[in-house]
Amino acid sequence: MRTTNLFMPTMREVPAEAESDSHKLMLRAGLIRKLASGIYCFLPLGLKAMKKLEDIIREEMDAAGAVELLMSAMIPAEPYKESGRWEVFGPEMFRLKDRNKRDFCMGPTHEEIFTDIVKHEVRSYRALPLMLYQIQTKFRDEIRPRFGVIRSREFVMKDAYSFDRDEAGLDLSYEKMYNAYCKIFERCGLEFVAVDADTGAMGGSGSQEFMVKSEIGENTIAYCDSCGYAANDEKAPCISTGKKSDTAEESLVKLLTPSMRTIEEITSFLSCSPTQVVKTLIYMADDKVIAALVRGDRELNEAKLKNLLGCTMLEMASPEKVYEITSANVGFAGPIGLKELTIVVDNEVSDMKNFVVGANDTDYHYLNVNLHRDFKADITADIRNIALGDVCPLCTAPIALTPGLEIGHIFKLGTKYTKALNCVYVDENGQEIPMVMGSYGIGLNRTIATIIEQSHDENGIIWPIAIAPYQVAVVPANMGDTAQVSLAEEIYIRLKAIGIEVLLDDRNERTGVKFKDTELIGVPVRITVGRKAAEAIVEVKNRKESDAVDMGYEAAIEYCRNLILG
RNA sequence: CGGGGUGUAGCGCAGUUUGGUAGCGCACGUGGUUUGGGACCAUGGGGCCGCAGGUUCAAGUCCUGUCACCCCGACCA
């Protein structure tokens, strides 16, 4: 490709809207342009990087035995109504009606659609296992799009679905996908970790997320350097130290604590540590009211609580509901005297003595509260987020936490969707049995952005060769110099002939401009044809290295061949 | 959805306090000089000042409404 033919609008200045490094660089290097909040157009260089990634994904999917197809992006409501997700997705789903007022949506994910196709077309155990995938645009009306294409409302996803006879078959399919995902992200040059994850709204029995550690990550990864354990903090179990306080139980005191509603206010008012306070959170679990108790400095883990209760919806009670339940304003809820609701106590709280709780009376707290003596727990379990100071659940070494960005997610769905949609096969005995399903996703736009996030410097993107839109840039320093121009042409043609994607920067720009752009767009190898063109000597610079090397042009071609074609 | 902020040329911004002919840098067109790290000189084009209403002799500027975009939060009692 000649730069004069390419549509490559680079920017010297950073648009004010961009926050993360990858977002800034994708805009500056002319990979993307924004059309609306969370909606981006891909320009040639961005599209080319995406296609490189698609090719890698296709190779690894095909190698894992998956077959590509393409479902519609616009989907009638019925399959989602059958699975219950027409409601579950809520406002996150882009919905529309056709001229006959029938409900449709822009597909946010396609479990139901794949299940629907498979149930109609696959009847016998002989056709299983079956693994299907597509690379397709998804639509989710995100609450807050962020960081360019990292959290966007329209994005490209590779989604794969496996259908097996039984759990053992699913385990095999899942493992194949796990291995394929590792290969894909390795080929992208990414440093990543596979972490245990909660299955969340998808349902199912097991799941792992592929994460990269990143400052702009919206998840928290708990990991252990000693044994290699890694999990999403939603999933990581908190191991009790087993140390029960042996302090004597003191007598209960009800104390006036005017307007002391937050943990911060109450601890400063009482001059105590948040570790001596227990907060009582009132939740609606489906239609039931529950109270969840965790230590004052801890965060309740809704995923754990939801799984524990087996409910489909879990949300904080409204202030009105809290008042109805506790007869007190928000901030003064406590477990003592609460009736007709389930009290769930975090493991850690059951080891505490003489703690502080709200008194279910506005402006009052109880001091010296003790479990069993003053109130009873209906359930005692691990319901808090893991935190610094906790230990690895496998080897009990200290746990570390880091923000993480999710680029892939694999699920063992089990029969959640196949049962809901009646997707069954007939076994050897003529019995109808629900297929056992898995679901596997990779966000392509996000993966591209993540590669840039992990691989850039102050001058621009540093593409790994496997993803680079162009692998080599040939830069004639002076377009007015015929020796330079003709040698550059020669190298350009030779490199193309051996299958290298090369950009000939034939713009009549000053050398500095061409160098800046070549670095900004992240081309892995730059060949500058300059003053020594008459002696057939060129300068070769690897984007990852700081120094350039002079060599004969044949040697430069050889260098590219070895580096790029292996 | 709550809070905060910003909308002025393709991009980055000033001008709004105190109403009075819409500016700067980069980018872009033309001519020339340049040509190894985002050149220089000359010259030119480009604006419904987000949108709608209002006040006024006069509105980018004041008032009302509205839309868009960005940031923080949206369970941490």
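Letters A, B, ... are given to chains in the order of the sequence lines, protein chains preceding strands, and every chain is numbered from 1. It should be emphasised that the depicted structure is a prediction, and the values quoted were computed from it without experimental measurement.
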Take the protein atom CE of A/Met8 and the nucleotide atom P of B/rG10, then report the distance between them rounded to whole Å. 21 Å

Categorize A/Arg295 for me: base, sugar-phosphate, or nothing, with a 4.0 angstrom heavy-atom threshold over every strand shown. nothing

So, A/Glu87 versus A/Tyr80: side-chain donor-acceptor pair below 3.5 Å or not? no

Result for 5'-nearest mapping on RNA chain B, choosing between A/Val330 and A/Lys516, is A/Lys516

Hey, is the side chain of A/Arg531 poking within less than 4.0 Å of OP1 or OP2 on B/rG36, counting only N and O atoms? yes

Could you tell me whether A/Lys304 and A/Glu234 have a side-chain N and a carboxylate O separated by less than 4.0 Å? no

Between A/Asn232 and A/Glu209, do the side chains contain an N or O donor and an N or O acceptor separated by less than 3.5 Å? yes

Determine the Euclidean distance between corresponding C1' atoms of B/rU8 and B/rC49; express it in Å to zero decimal places. 4 Å

Classify A/Ala477 by what it touches in the nucleic acid, base, sugar-phosphate, or nothing, heavy-atom distance under 4.0 Å. base

Without hydrogens or angle criteria, can the side chains of A/Asn219 and A/Asp233 be said to hold a donor-acceptor pair below 3.5 Å? no

Rounded to the nearest Å, what distance is computed from the CG atom of residue A/Leu27 to the P atom of nucleotide B/rC70? 11 Å

Look at the side-chain N and O atoms of A/Arg144 and state whether any lies under 4.0 Å from the OP1 or OP2 oxygen of B/rC1. no

Go through B/rG37, B/rC75, B/rC76 for me and flag the one nearest to the A/Lys279 side chain. B/rC76

Does a nitrogen or oxygen in the side chain of A/Arg510 sit under 4.0 Å from OP1 or OP2 of B/rA39? yes

Is A/Gly480 touching bases, backbone alone, or none of the nucleic acid, heavy atoms closer than 4.0 Å? nothing

Distance below 4.0 Å between A/Ser37 side-chain N/O and B/rA68 OP1 or OP2: no

Hey, is the side chain of A/Lys34 poking within less than 4.0 Å of OP1 or OP2 on B/rC70, counting only N and O atoms? yes

Would you kindly compare A/Pro145 and A/Ala16 by the position of their nearest RNA chain B nucleotide and give the one closer to the 5′ end? A/Ala16

